[in-house]
Amino acid sequence: MSKKVKSMIMRDYKARIGDASEAAVISLRGVKGIATTNMRRELHKKKIKITVVQNNLFRKTMEGSPLSKLEPYLKGATAIATGGKSIVEVARELVALLEKHPTLELKGAVLDGQLFTGKAGVTELSKFPTREEALGQTVSIIVGPGKSLATQLLGPGRTVAGLVKAIEAKLEKGEAIAKVA
């Protein structure tokens, strides 16, 4: 292959992957052509891209980037999964696809420089909260004590307001109110 062709392929990888800092590495070996097309179509709906790569060219393209940590997984038939809202979402989708396509091989993934190896690693990554879920949990933790305190403070006030309303209703009906000693 000429240097021009290699250069074009490397530019294409850079354009497809962009400045992604997290990705998963899979092998589509053993997955039939139509099944691969259907799988890509499903993932594309969720904005997840599958890019089949030539290992050496991909390695050279990603030198110095966070994806260079994927180098140990670049052996044999390799495809890179990127996109979605986060790599956690990508991992969840890939793990779900294993049920339909058991020959799909999950080689590994990288998230914030941390490597997740093999099927077990990608499955572990799929159990992480997404950014939105983590923000929701954090907000709940921060707001929780304040909400509890507000409930505690408002409770007695509501009780008193209820008693005053009951007394008012009795007085409007003309009923007498018993004195408390």
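Keep in mind that the numbers below use all heavy atoms, side chains included, and drop hydrogens, waters and symmetry copies.
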Asker: Counting C-beta onward and ignoring hydrogens, is there a side-chain heavy-atom pair between T123 and K127 closer than 4.5 Å?
Answerer: yes

Asker: Tell me, do V53 and Y13 make a side-chain contact under 4.5 Å, heavy atoms counted?
Answerer: yes

Asker: Going by the ring-ring contact (aromatic ring centres under 6.0 Å, His included) test, which pairs reach into residues 78-123, not counting sequence neighbours?
Answerer: F116-F128

Asker: Report the C-alpha distance between E93 and K46 in whole Å, list the side-chain angles of each, state the deciding distance to 0.1 Å, and finish with yes or no for side chain to side chain contact (heavy atoms under 4.5 Å, CB included).
Answerer: CA-CA 9 Å; E93 293 300 324; K46 296 171 182 163; 2.9 Å; yes

Asker: Quick one: do M8 and V52 end up in the same hydrophobic cluster if we chain Ile, Leu, Val, Met, Phe, Trp and Tyr together by side-chain heavy atoms under 4.5 Å apart?
Answerer: no

Asker: Just verifying a value: how many Å separate L111 CG and E124 CD, rounded to the nearest 0.5 Å?
Answerer: 10.5 Å

Asker: Should I167 and V160 be regarded as members of a common hydrophobic cluster, given that ILVMFWY residues are connected when their side-chain heavy atoms come within less than 4.5 Å of each other, either directly or indirectly?
Answerer: no

Asker: Taking S7 for its side chain and K3 for its backbone only, find out whether a donor-acceptor pair lies under 3.5 Å.
Answerer: no

Asker: Please answer whether the main-chain N or O of G76 pairs with a side-chain N or O of N55 as donor and acceptor at a distance below 3.5 Å.
Answerer: yes

Asker: To the nearest 0.5 Å, tell me how far K100 NZ sits from M39 CE.
Answerer: 10.5 Å

Asker: Could you check whether atom CG of L163 has more than 12 heavy atoms from other residues, nucleotides or ligands sitting under 6.0 Å from it?
Answerer: yes

Asker: Could you measure the distance from the OG1 atom of T36 to the CZ atom of R41? Nearest 0.5 Å is fine.
Answerer: 11.5 Å

Asker: Within the distance-only criterion (no hydrogens, no angle test), does the side chain of E89 pair as donor or acceptor with the backbone N or O of K85 below 3.5 angstrom?
Answerer: yes

Asker: Compare every heavy atom of L94 with every heavy atom of L104, then report the nearest pair and how far apart it is.
Answerer: CD2-O, 4.1 Å

Asker: Specify the closest pair of heavy atoms between A81 and I87, including all atoms of both residues, with the distance to one decimal.
Answerer: O-CD1, 4.3 Å

Asker: In Å and rounded to the nearest 0.5 Å, what is the CD1 to CD1 distance from I80 to I50?
Answerer: 9.0 Å

Asker: What's the spacing between R11 CZ and L57 CG if we round to 0.5 Å?
Answerer: 12.5 Å

Asker: Quick one: does K107's side chain get under 4.5 Å of I26's, heavy atoms only?
Answerer: no

Asker: Specify the closest pair of heavy atoms between L97 and E42, including all atoms of both residues, with the distance to one decimal.
Answerer: CD2-OE1, 3.9 Å

Asker: To the nearest 0.5 Å, tell me how far L74 CG sits from F58 CZ.
Answerer: 6.5 Å

Asker: Heavy atoms, side chains only, cut-off 4.5 Å: are L70 and M62 in contact?
Answerer: no

Asker: Do R29 and E105 touch side chain to side chain, with heavy atoms closer than 4.5 Å?
Answerer: no

Asker: With heavy-atom distances below 4.5 Å as the criterion, would you say the side chains of V90 and T82 are in contact?
Answerer: no

Asker: Step by step, would you call Q114 with V110 a side chain to side chain contact (heavy atoms under 4.5 Å, CB included)?
Answerer: CA-CA 5 Å; Q114 182 180 355; V110 66; 6.0 Å; no

Asker: Could you check whether any side-chain N or O of R59 sits under 3.5 Å from a backbone N or O of S68, counting only pairs where one atom can act as donor and the other as acceptor?
Answerer: no

